[in-house]
Amino acid sequence: MKYMHEQGSLPIEKIHHIGQPYWYAEGGELTPEEFGVTVARELEAKLDELGAENVAAFVAEPIQGAGGVIVPPSTYWPEIARICKERDILLVADEVICGFGRTGRWFGHQHFGFEPDMAPVAKGLSSGYLPVGGVLVSDRVANVIMQTDFNHGYTYSGHPVCAVAALENLRIIEEEKLVERVRDDIGPYFAKAWHAFTDHDLVGETQAVGLMAGLQMAKDKKTRERFEKPDAIGTWVRNHCVENGLILRATGDRMLASPPLIITEEEVDFMAKTLKNALDAAWREWR
Ligand SMILES: *Cc1c(COP(=O)(O)O)cnc(C)c1O
């Protein structure tokens, strides 16, 4: 989120970035699988450049959320996990969006089959009803820190009201089997509706995992050419949806969906119909 960096003295020194596994925009002539490996190996190159002994951890979201719901190619995470393991770099999975059932598993990393050393969590921990977040720490890391003390502190650390809201939320997710519902039932129903947009003239690709989905718009779906002003078309489609009763987010030229885990089939149908109307209208306006 470069626009945030520009506002303060950011990015923080000693945090280095590598490329994102965003095949549609940056994959060029490579297949998604080839691109997944190539972009993961940017981590290896960066570690060579910095010296692995100078690097504490690699941090990423299992699926990029606010950045566009960008689902990495299947080859990406296994390669990242291999590199972190070989170089003894801690792997931190930012589960703030992906966690607590969103992907049809309890955590996003389980969808991809890797084990992080640490995982920041928030949003789904309380389903947003009260503000609460945290960092899950593996034994491997905790055992080292606990040799002295786990020193940290916030004004509202362990706030009992938020903690009880989170516990009750987790109890309900378990009791109502919402994770299983996303994986086996409403998730597949939603994915079918979402992937139906692949055939739309304005749509370059659709991606969905559980109840988390991205829809890439393109000027020319055959060549993957994008619109000159990606923000403008995204905002246009978003506004059309909002005016017709559907709150959908846009990041650049990608439309993002992340409906509640209790969404019904009728509501998914409404969502698909409203988005279709918006995309049809955008195609007439922007082609
Ligand atoms: C919202 C969000 C955050 C910020 O979480 P805070 O609890 O506000 O610190 C971090 N990572 C991701 C992926 C997010 O979506």
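On a predicted model such as this, the values are computed, not experimentally measured, just so you know. Order of appearance sets the numbers: ligands from 1, and atoms from 1 within every ligand.
In this structure, Arg249 has no salt bridge (charged side-chain N to carboxylate O under 4.0 Å, His left out) partners at least two apart in sequence or on a different chain. The side chain to side chain contact (heavy atoms under 4.5 Å, CB included) search around Val242 returns Arg238, not counting sequence neighbours. Shown here are the salt bridge (charged side-chain N to carboxylate O under 4.0 Å, His left out) partners of Glu79, two or more places apart in sequence or in another chain: Arg41, Arg82.
The aromatic rings of Phe112 and Trp77 lie tilted to each other, with the angle between the two planes from 30° to 60°.
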Give every pair formed by an N or O atom of ligand 1 and a protein N or O atom closer than 3.5 Å, one pair per line with both atom names and the distance to 0.1 Å, or write none.
from	atom 1	to	atom 2	distance (Å)
ligand 1	11 (N)	Asp94	OD1	3.4
ligand 1	11 (N)	Asp94	OD2	2.7
ligand 1	15 (O)	Lys123	NZ	2.4

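Of all the heavy atoms in Thr264 and Ile186, the pair that sits closest is C-CD1, 3.9 Å. In terms of heavy atoms, Pro73 sits closest to Phe35 at CG-CD2, 4.5 Å.
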